[in-house]
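Quick caveat, the model's predicted, so the values are computed rather than measured.
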Amino acid sequence: MKLRFALFLLIFAAGCQSAAPPITAAPPTRQGIFMVSGQDKREPTVVVSNDTDATLHLLMNNSEGKALELVVQPRSVGTLDVPKGHYEAKVYDDAGKVRSSYGSADIAEYKEYRAEFIVEMGGTYHFHIGD
Amino acid sequence: MVLLEIRPKPVAAAPAPVTPARSVTVLPKTVNDIFREAWEHTSLHDLASSDEYRFLPTGAQADKLDTWCRMTIGKDYLALGQNDRERLVNDLQDEFRASSQIASLNPESSRESPDPLASVPAITGLGEGKSAASSQPPNASIAKPLAGLPTQTSPSASPVPSQGGQVSPQVNGPIPSTNPSPATNAPAGPVAQNAPIEGSSTYEYPEQQAHDLDDLDVLRSLHFKPYGPPRIEPGGVRVYTGPSGTVRIR
């Protein structure tokens with residue numbers, strides 16, 4: 001009996017020690033324009049949902065000035081894997097008909113950053129993206 | 001027989017003396033420095049001379065320049081403060097506007113669209129927002145929401161505040177076309193004044209140069225066809241009068 005119990009404990013302990021993936025079930029949290037949620041993949045992912053009739057560009061400059069760009073066609077979703085770090089971000093319309101939005105981003109690993117864009121008249125707003 | 005040669009043992013080179021690293025202070029680039037560097041880029045001039053840029057409203061032109069700076073000279077540009085970025089963009093815009101007016105013989109090239117900032121829609125995102133009802137035209141697509149959510153503002157962000165957009169919850173709206181077409185911005189006066197005769201030329205014949213001409217055929221070759229028979233003035237000066245003006249030929 002003791003042997004069985006010990007064996008059970010051993011198996012249970014082994015199960016607990018298995019590499020647990022990052023928590024992905026946690027509800028998304030809002031950070032700036034992004035809804036941030038966990039993901040299994042280590043490299044952060046930026047997802048942009050474009051619900052406008054314009055082609056949108058998400059331009060992200062890292063701390064070294066290198067620019068990453070995500071082009072999202074009208075009524076579609078674009079995905080971009082980005083290294084973690086601090087970014088200066090800009091979202092602009094390809095045709096220049098829509099005023100752009102600006103912000104900064106602190107992108108962390110095991111996170112997905114999802115944003116949805118629409119077009120609205122007027123207004124001035126600055127946003128912060130990320131943690 | 002094998003000859004043996006005695007050579008001196010090579011001596012390993014003495015390691016260079018380690019000198020303490022000098023502390024070099026790198027001064028940050030000024031707006032003028034970055035302006036000069038940007039001005040050297042051909043792609044910037046390509047952008048500024050393109051119809052895509054020229055026929056945009058003033059605010060949208062600044063936005064294009066900001067995007068170019070971020071993509072091409074991002075490190076230096078983003079190292080600037082918000083006001084300096086705005087100043088750099090404005091300086092570039094002013095320079096291109098001035099050079100365009102000087103260099104162009106075509107009045108259409110110097111057309112300026114009215115400032116459209118108040119009527120240009122903004123890119124908005126799901127999530128945050130503040131009402132912009134005061135600046136919204138009656139038929140604007142208005143996203144409402146999330147008015148109660150806190151607004152996060154980064155002090156280092158938003159280099160061009162006047163270009164900012166509004167973030168608000170998802171409300172699908174059409175993108176009103178607020179970019180005025182070049183045709184609607186054309187100043188009526190100069191264009192009408194320089195209208196080509198019979199639509200064949202945009203060249204306005206300068207009256208002063210008429211002294212070098214002695215044949216009406218030359219005028220006709222320049223598409224000034226509707227000239228009638230000349231009127232002879234004292235001194236034998238032939239005066240041709242046509243829709244685009246008067247030409248005197250001695």
Problem set entry | Any side-chain heavy-atom pair of R70(B) and Y102(A) under 4.5 Å | yes
Problem set entry | Rounded distance (nearest 0.5 Å) linking atom CE of M71(B) with atom CG of L68(A) |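 Nearest 0.5 Å value for the CE-CG distance: 10.0 Å.
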Exercise. Can you list the residues that meet the side chain to side chain donor-acceptor pair (under 3.5 Å) rule with N50(A), with sequence neighbours excluded?
Worked result: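 For N50(A) the side chain to side chain donor-acceptor pair (under 3.5 Å) partners, ignoring immediate neighbours, are T52(A).
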Problem set entry | Contacts of H45(B) that satisfy ring pair (Phe, Tyr, Trp, His ring centres under 6.0 Å) - sequence neighbours left out |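 H45(B) satisfies ring pair (Phe, Tyr, Trp, His ring centres under 6.0 Å) with W39(B), F96(B) only.
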Exercise. Taking all non-hydrogen atoms of both residues, which atom of N61(A) and which atom of L78(B) are closest, and how far apart?
Worked result: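 For N61(A) versus L78(B), the nearest heavy atoms are CB-CD1, 3.1 Å.
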Problem set entry | Salt-bridge present (K90(A), D63(B); N to O < 4.0 Å) | yes
